[in-house]
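Just the heavy atoms: all of them, side chains too, but no hydrogens, waters or symmetry mates, feed the values below.
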Amino acid sequence: MKRSAALGAIALPGLGFLSACASGGGGNSGTKAEKGKKTTKNPLGVNETAPMEMVIFDGGFGTRYAEDAKAVYEKTYPKATVKFAKTQKIQSVLQPRFNGGTPPDLIDNSGAQQMDMGVLVGKKQLTDLTPLLDAPSVDDPARKVRDTLRPGIVEMGQFDGAPVWIMYYAYTVYGVWYSRTALAKLDATYPETWDEMLALCEKAKRKGIAGWTYPGKHPYYIPFSLYPFIGKIGGAEVLDAIDNLEPKAWQHPAVKAAFEAYYELYRKGYILPGTPGLDHRGSQGAWARGKALFIPNGSWVENEEARFIPEDFELSVGAPSSLDASDKLPFGTLWASGGEPFIVPARAGNPEGGMEQLRIMLSEASSRSFTTSTKSLTAFDGGTDGIELSDGLKSAVAALEKAGGNVLNPRMQDWYVKLQKEQIGVAGIGEMMAGRATPAETIRKIQRFADDTAKDSSIKHFKHQK
């Protein structure tokens with residue numbers, strides 16, 4: 001992942017101008033721009049002539065929404081030069097610039113090469129976004145930006161205390177994604193119990209259709225449905241204990257029950273053959289073509305696979321099925337939280353410009369742009385009026401309404417990226433779902449990974465605030 005010691009040594013298709021950013025031409029030269037004067041129209045005190053640079057992850061959501069917001073910034077500050085770049089290789093492109101003290105002013109730190117949030121926070125490499133949150137919103141100066149956001153967004157950006165280091169821009173609904181049309185052809189509806197899930201997978205198997213697939217090369221997608229399944233069975237406190245790296249947290253009976261249930265999918269042959277060798281696009285493509293009924297994913301999947309999902313697919317998201325009547329939380333409990341983490345580096349040349357770009361993005365117009373182009377919600381609490389919602393988005397909104405207060409928000413994926421992706425995901429759950437380890441072996445392995453992380457003094461540790 002760290003392929004180069006200098007940005008200029010990276011040669012990536014379509015990213016030639018990223019290399020130029022490191023050596024001037026409107027990018028960060030290593031010195032901060034002078035702050036501008038704060039006014040009613042410029043509440044953050046943006047230097048109206050200072051260059052501003054933003055780098056966006058080019059993934060499932062694309063970049064059109066960011067380009068639309070950039071155009072607003074350019075109209076607002078016509079004397080400023082705005083540099084815009086997109087990439088899927090966030091860490092390998094930008095880590096050298098962090099190391100060299102010349103990072104961009106705004107970064108969408110997302111994707112498989114996401115920089116570790118915990119490390120960035122622990123090493124004090126990020127700007128506290130509290131001034132942005134306390135600034136007046138674009139649409140209503142009488143309301144602060146923080147008062148326009150969906151519940152939980154501000155808290156997600158906090159790691160240890162009051163500062164807010166990250167603005168999660170998208171609002172993602174995680175779960176088990178499926179086609180209502182495919183289920184209807186099997187004379188079935190979404191299974192609300194695990195016994196019903198297994199029975200439906202068996203019925204599909206007899207028709208030559210797999211029950212499940214997942215990104216075998218990126219098995220940290222599996223927790224998108226597995227984590228809320230654990231929380232449904234044992235309660236939110238089980239997930240909190242896991243996030244807090246508490247001793248024996250992974251040995252909770254709810255974890256054991258959930259792992260054994262998912263292992264049944266492998267043991268009974270309900271996983272699409274070849275799944276362990278598929279990446280996220282390969283597994284999603286096979287699922288979209290009807291080779292498997294279910295896939296654990298986030299709401300970006302609708303936009304990411306838009307070209308391949310048939311018009312009559314009737315895309316939907318399901319909350320975790322109930323294991324049995326002893327589950328602590330009701331059916332409908334799911335995981336929904338902020339996604340697409342935007343950061344303003346501490347050593348950005350124009351941090352006020354980076355925050356101002358975010359303030360623009362957190363307006364109703366920018367939110368509508370995002371929802372229209374991506375079929376997903378934003379952190380802005382609104383922006384859907386008058387928009388014809390797609391099947392997947394309608395399903396996600398309905399799932400949120402059904403969940404009510406039973407919305408879970410595990411923090412492992414942004415507190416401990418290496419632990420979540422490489423160890424819990426690839427070395428743990430991925431091996432189990434491929435049949436190379438039993439649930440008991442996997443739990444012991446993951447507990448060791450978590451214990452090692454808890455004992456590592458070089459890692460910044462975080463806990464849920466009471």
Side-chain angles (χ1 to χ4, degrees), residues 172-215 221-222 224-226 228-229 232 258 261-275 278 280-324 327 330-336 375-376 389-403 433:
T172 302
V173 175
Y174 300 98
V176 182
W177 291 79
Y178 65 98
S179 160
R180 290 199 305 276
T181 301
L183 265 56
K185 289 179 179 178
L186 293 170
D187 193 27
T189 56
Y190 183 78
E192 295 191 9
T193 70
W194 196 250
D195 284 344
E196 291 173 357
M197 172 64 76
L198 295 177
L200 178 54
C201 288
E202 179 62 32
K203 188 175 186 179
K205 183 180 178 181
R206 291 197 294 269
K207 298 283 188 179
I209 304 169
W212 285 58
T213 188
Y214 60 88
Y221 275 56
I222 298 170
F224 294 156
S225 61
L226 179 58
F229 190 37
K232 183 186 184 315
Y262 268 53
Y263 189 67
E264 283 288 279
L265 298 174
Y266 159 76
R267 197 177 64 80
K268 294 187 174 181
Y270 299 152
I271 304 293
L272 178 69
T275 286
L278 298 176
H280 64 298
R281 295 306 302 274
S283 60
Q284 291 167 188
W287 161 78
R289 293 192 297 274
K291 293 185 177 182
L293 295 180
F294 303 111
I295 189 168
N297 222 304
S299 45
W300 62 78
V301 70
E302 181 169 26
N303 192 58
E304 197 162 46
E305 298 303 325
R307 289 190 300 156
F308 305 103
I309 293 176
E311 288 187 10
D312 64 348
F313 197 77
E314 294 189 58
L315 178 65
S316 298
V317 60
S321 306
S322 298
L323 185 65
D324 56 42
D327 287 4
F331 175 72
T333 298
L334 51 69
W335 177 4
K375 305 178 180 67
S376 294
L389 301 183
S390 60
D391 288 342
L393 186 52
K394 281 191 289 189
S395 175
V397 170
L400 286 171
E401 291 176 352
K402 181 174 180 59
M433 295 303 292

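Atoms CG and CD, from N297 and E304 in turn, are 7.5 Å apart once rounded to the nearest 0.5 Å. Taken from CG in L272 to NZ in K291, the straight-line distance is 7.0 Å, to the nearest 0.5 Å. Note that the OG1 atom of T172 and the CZ atom of F224 stand 8.5 Å from one another [nearest 0.5 Å]. Between atom CG of residue D391 and atom CD1 of residue I309 there is a gap of 9.5 Å, rounded to the nearest 0.5 Å. Atom CG of L265 is separated from atom OG1 of T275 by 11.0 Å, given to the nearest 0.5 angstrom. For the atom pair K185 NZ and R180 CZ, the distance stands at 14.0 Å (nearest 0.5 Å).
Of all non-hydrogen atoms in P191 and S321, the two that sit nearest each other are O-OG, 2.8 Å. Nearest heavy-atom pair, I271 versus M433, reported as atom, atom and distance to 0.1 Å: CD1-CE, 4.1 Å. Nearest heavy atom pair, residue A288 against residue P310, reads O-CD, 3.5 Å.
Annotation: side chain of F331 is in contact with side chain of K232 (closest heavy-atom distance under 4.5 Å). Using a 4.5 Å heavy-atom cutoff, the side chains of L400 and L334 are in contact. Between F294 and W177 the shortest side-chain heavy-atom distance does not fall below 4.5 Å. A heavy-atom distance below 4.5 Å is found between the side chains of I295 and Q284. Side-chain contact between L186 and L293 is present, with at least one heavy-atom pair separated by less than 4.5 Å. Counting heavy atoms from C-beta on, the side chains of L323 and F229 come closer than 4.5 Å.
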| message | Test side chain to side chain contact (heavy atoms under 4.5 Å, CB included) on E305 and W300; report intermediate values, then the result. | response | CA-CA 9 Å; E305 298 303 325; W300 62 78; over 6 Å; no
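For K268, the side-chain hydrogen bond (donor to acceptor under 3.5 Å, both in side chains) partners are E264, not counting sequence neighbours.
Residue pairs meeting the side chain to side chain donor-acceptor pair (under 3.5 Å) criterion with at least one partner in residues 186-211, sequence neighbours excluded, are E202-Y270.
Within a 6.0 Å sphere centred on OH of Y263, other residues, nucleotides and ligands contribute more than 12 heavy atoms.
Defined by atom type and a distance below 3.5 Å, a donor-acceptor pair is missing between the side-chain atoms of T213 and S283. Side chains of E302 and S390: a donor-acceptor N/O pair is present below 3.5 angstrom, by distance only.
Tested against S225, the residues Y174, Y262, Y214 include a single side-chain hydrogen bond (donor to acceptor under 3.5 Å, both in side chains) partner, Y262.
Between the side chain of S316 and the main chain of Y178, no donor-acceptor pair closer than 3.5 Å is present. S395 contributes a side-chain N or O that, together with a main-chain N or O of V317, makes up a donor-acceptor pair within less than 3.5 Å. Formation of a donor-acceptor pair under 3.5 Å by the S179 side chain with backbone atoms of F313 is found in this model.
Aromatic ring pairs are classed by plane angle as parallel below 30°, tilted from 30° to 60° and perpendicular above 60°; the pair Y221 and H280 is tilted.
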